[in-house]
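For this chain, numbers begin at 1 and follow the sequence in order.
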Amino acid sequence: MLDARKNWIRPKNDIVKDRPMRMLFRRSFSFDEMPETAQLMVSADSRYKLYANGQLVEAGPCKGDSEVWFYDTLELASYLRTGKNVIAVEVLAFPNEHGNGSFSIFRTGHPGLFVSGKAESRHIAIDLSADEQWRGCVDPGFSIIKESDLFAPLQMLEERKAHPELIHWKLADYDDSSWENVVYDTQLSAEFSPGNLSERKIPFLYRENKHFIDVRMVQTEKEMHELDAFLEGNHPVTVEKNQKLILELNAGEEETGYLRLNIAGGKGSVVKLLTSEGYVQEGFQGDLKVPFKKDRLDMENGYLYGFTDTYYPAGNGTHDRPEEYTPFWFRTFRFVRLEVETKEEPMTLLSFDYDETGYPLEVKTTAAADDPDFEAIWDISERSLRRCMHETYEDCPFYEQLQYVMDSRTQILYTYAVSGDDRLARKCIDDFRRSQRSDGLTNSSHPNYESNVIPGFSIYYIFMVYDHMMYFGDKELLREHLPHIDRVLGFFHKHLTEQGYVDKVGGLNGRARFWSFIDWAAEWKQTSGIPPATLQGPITMESLIYIYGLKAAAEIASYLGFTDLADSFCLEAEKVQDAVLKFMMGKKGMLTDGPGVEDYSQHVQVFAVLTGTISREEGRKALLETIEKKEEYPQCSVAMAFYLFRALEETGLYEYTREYWGIWRRMLARHSTTCIEDEIQERSDCHAWGALILYELPTVILGVRPGGPGYQSVMIHPQPGYLKEAEGDVITPMGMVHVHWIKDEDEKLQLEYDAPEDVTVIVKE
C-alpha cells in the first residue's frame, strides 16, 4: 500500500460536487540535457488521461472500489526533450450520487489527481510530485449526458462547449498564467481509499491507430473520392458556412476506441458524433426500449441507432495547430455518424480516425474443424472476447461495461483456453470477493457503485475459483477465497425450506428484493429471464445451482486438505438433491421448474445432469425430449449455451451441437461481427458469453483439458460429435499441445498428439 495523503491535488476554484467535472492539470519544467528517466506514480478520482508534450501516455487508473484504489507507474522519458516540457492531465470526476456517474467507476467525494515522482538527467533531478508548481482549472463547458432516461449505467456521453483559451492546453508552449495554483486535499485518511493506493495488477490497455474503411452514406456536395482521401488522412474537407455535412462511416467491425477529430475554423458550428453497433429497423421493444434489429448492414431499410456526443468548437484551430476533439472515454462502435453544421464561418475537417483499445489479449491457440462455419464463428467470438476485456471483463462494451459474474465465469474460461493468461481473471475473482455482503452474497456485477444482487450469480464466483484451481492450482489464492465461498453457500443453507430445497430468495426484476435471473429464454420474456414458476414460489434452478456450487466447493476444500469441510459440502448437496427429486419431479418423469408446478424447461434438465441429480440415462432422455420438442420447452439461449453443451457432452449427445451452432450461424447471416447478447431482444451486439467456440474447439472438440487441479496432467478427451476431423495447437500452463484427429470409414477416431516431453498425458477415449 502507498500512503497517498500528501500527493492529492485539485484545482483551487470552481469545484462542483453534484455533477461530473473535467478538471485540467499542468506541470511545466525544463531540461538543459535529455532526461534519462521520468517515473511518475499517478491516480485520480475518478479517471485520468495523462499527456506529455501533447502525446497521450496513459489512461487510468485501473477500476477499483471502496476498498482498493489503484495507481499506475508511468515512464515518461521517451516523451520528453531538452528545453521546455509539460505534463498535462485531464481528470473526469464523478459526483458521489450513484445516478450521476458511471456505475462501474467508484468515487470518494474528494475529486482530484494523485502524482508522485521525478524526472532525472545525468546532472539534474526535478521533483514532479504534486506541489504548488502544478496548476489547474475546471473546464466550464463540459457536461456528461445520460445515455437513457430508463437505464444509464455508462454515463460517458459528452456535451462539450470548447473554451477558446483551453484549446491547446496540453502543449508545452501554452500559456497557463491565468490558471490557479492547485491545492492539496487534506481530508484523506490513510485508513481508507484513496488515502492509500494499491499498485496496478494488470497490464495497461493497448492502443492501435486505425482508420474507417469506407463511407456508407453521404449528405454533402463532396465527391466520394475526396471523402475516401479524407478518411485516409490525406485530404482535408471543408464545409462552407451555413452548410450541413453528414457522413456515416464504417469501421468494418465492432470496435472499442478513442475517436479523434481534428478541425480548423468553424466558430459557431456544431459537431455530433453518433456511435452505433449497426443499422436497426423502426420501432422499439421491451422495458428498455430496444430497437428492432435484422441485417446489421441494411441501410436501405434501417437507420443507425446509438449514442451521440455533441461538440461546439472554439473555432480557433488552424491547419498547423488544429483544434482536436476526443471524447474522454473510449467509444464502442461499428459505424459512426459524423454530422457537422456550420454557421457564419466554414470548418475544415483535417482528419478523423480512432485508437482501438482493449486488454492486450495474446491469442496463442489455433484450432479448426470441418464445419464450414467454424472459422467465421471463431472470428466473431475472438473479437467479442477482446471487445469485452478492458480493465475488467465486461458484459457488453456498448451499453453497460459492467463486470457480471455469470458472464465473466465463461469469459475467463475462454481466456484460459486461447491465451493461458490469468491476470485479468485473478483481478476479476478478487473483485467479486471484495463485493461480498454481510448476508454472504456477492454483487452480481462488480466494481459497481451500488448494490446489485442476483442470488444464483454468487455461485458463479465459486465456479471461477474452481476453474482457476483446475488450470493453475494456486493454493494461496484458493485459501484466500475459501472462507468467502463458505459464506456464499451459507446464504443458501440459511434459506432452505423445511422440505430441504432452496426457498424463494428472489423474483421479478424490480418487484422482489433480488432478481432471480436465469436466462433470456423467449418463453420467459414476461418474467424478465426467470421461469414463470417464480410467481408461485421457489424455482428449481436455484436449488440446482446451489448443489453445483456445493460440489465445486467440495473439490476446492479437498484439494486444500480440508476433508471434513469437503465432506460437509457433499453431504449438503446430497440432501438438497433428495429434496429436489422428491418435490420437483413432475408427471412427465422430468424435473419441473418449481415445486407443485407442471412447467418444464431445458435449463432444469441441463443442470440436473451437470449436478448428477439425475442419472446419465435419465438426463439423456430428458434432454432429448427438450431437443426433439423444442416448441414445448424453453430453450437455453446464448447465455446458457456453455452449460447446455456441457450437458450434451456428459450424456453422449454432443452431435446435437450441430443444430445449436445455428444460433451463431444466424448471427453470421445478419452480418454480425461480434456475438449478440440473445435472440430475444438482441439488445447488445457484443456479449462475450457467446464466445463459446473459443472453449469448445480446443477444450472439448480437440479435448485438451486439465487432468487434475493445477493441470497436473494433460487430458486429451475429444468429443467429435457430428464432426469428421479437427486439428489445432492448444496453449496450456504446461506448454503447447498439438492434436489432430480424424474419423475413419468405421467412424472410429484416429488420434495423434504432441505435448512437451516432461508432461504427463492421459488419453481418454
CA sep, side-chain torsions, deciding dist, call: Tyr416, Tyr471, ring pair (Phe, Tyr, Trp, His ring centres under 6.0 Å)
CA-CA 8 Å; Tyr416 294 164; Tyr471 275 83; 4.9 Å; yes
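Tested against Phe398, the residues Thr256, Thr332, Thr674 include a single side-chain contact (heavy atoms from CB on, under 4.5 Å) partner, Thr332. Partner of His603 under the ring-ring contact (aromatic ring centres under 6.0 Å, His included) criterion, chosen from Trp520, Tyr633, Trp524, Tyr643: Trp524. Partner of Trp661 under the ring-ring contact (aromatic ring centres under 6.0 Å, His included) criterion, chosen from Phe645, Tyr722, Tyr654: Phe645.
Look at Arg683 and Glu277 and you find no salt bridge, because none of the NZ, NE, NH1 or NH2 atoms lies under 4.0 Å from a carboxylate O. The pair Glu696-Arg646 meets the salt-bridge criterion, with a side-chain N (NZ, NE, NH1 or NH2) lying under 4.0 Å from an Asp/Glu carboxylate O. A salt bridge links Glu255 with Arg387: at least one charged nitrogen is closer than 4.0 Å to a carboxylate oxygen. Taking 4.0 Å as the cut-off between side-chain N and carboxylate O, Glu650 and Arg616 do not count as a salt-bridged pair. Ionic pairing of Asp430 and Lys427 is not present here: no N-O contact between side-chain nitrogen and carboxylate oxygen is shorter than 4.0 angstrom. Salt bridge Asp379/Arg383: present, at least one basic N to carboxylate O contact under 4.0 Å. Salt bridge present: Asp65 and Arg434 bring a charged side-chain N and a carboxylate O closer than 4.0 Å. Electrostatic pairing of Asp685 and Arg296 counts as a salt bridge here, judged by a charged N lying under 4.0 Å from a carboxylate O. Taking 4.0 Å as the cut-off between side-chain N and carboxylate O, Glu382 and Arg386 count as a salt-bridged pair. Taking a cutoff of 4.0 Å between a charged side-chain nitrogen and a carboxylate oxygen, Lys588 and Glu632 qualify as a salt bridge.
Nearest heavy-atom pair, Thr626 versus Gln635, reported as atom, atom and distance to 0.1 Å: O-NE2, 2.9 Å. Listed here is the closest heavy atom pair of Ser543 and Tyr501: OG-CB, 3.5 Å. A pairwise comparison of heavy atoms in Gln155 and Gly99 identifies NE2-O, 2.8 Å as the closest pair. Of all heavy-atom pairs between Arg705 and His717, the closest is NH2-O, 3.3 Å. Taking all atoms of both residues into account, the shortest heavy-atom contact from Ala691 to Ser381 is CB-O, 3.4 Å. Of all the heavy atoms in Tyr305 and Lys289, the pair that sits closest is OH-O, 4.4 Å.
Under the 30°/60° scheme for interplanar angles, the aromatic rings of His446 and Phe432 are found to be tilted.
Side-chain atoms of Glu572 and His493 include a donor-acceptor pair closer than 3.5 Å. Counted by atom type alone, Asp503 and His495 present zero donor-acceptor pairs between their side chains at under 3.5 Å. Under the 3.5 Å distance criterion, with hydrogens and angles disregarded, a donor-acceptor pair is assigned to the side chains of Ser451 and Arg437. Counting only N and O atoms by type, the side chains of Ser637 and Asp519 include a donor and acceptor under 3.5 Å apart. Defined by atom type and a distance below 3.5 Å, a donor-acceptor pair is missing between the side-chain atoms of Tyr399 and Ser148. When only modelled atom types and interatomic distance are considered, Ser615 and Glu617 share no side-chain donor-acceptor pair under 3.5 Å. No hydrogens or angles considered: a donor-acceptor pair under 3.5 Å links the side chains of Asp421 and Tyr359. Side-chain atoms of His687 and Asp395 include no donor-acceptor pair closer than 3.5 Å. A side-chain donor from one of Lys63 and Ser104 sits under 3.5 Å from a side-chain acceptor of the other.
Within a 6.0 Å radius of NZ in Lys582, no more than 12 heavy atoms belonging to other residues, nucleotides or ligands are found. Dense packing is recorded around CD of Glu628, with more than 12 heavy atoms of other residues, nucleotides or ligands lying under 6.0 Å away. Enclosure of atom CD in Glu655 by more than 12 non-hydrogen atoms of other residues, nucleotides or ligands within 6.0 angstrom is indicated. Counting non-hydrogen atoms of other residues, nucleotides and ligands closer than 6.0 Å to CG of Asp287 gives a total of 12 or fewer.
Side-chain rings of Phe463 and Tyr548 approach one another, their centers coming within less than 6.0 Å.
Side-chain atoms of Ser408 never come within 3.5 Å of backbone atoms of Gln411 as a donor-acceptor pair (strictly under, hydrogens ignored).
Within the 4.5 Å cutoff, side-chain heavy atoms of Val638 are placed close to those of Ile663.
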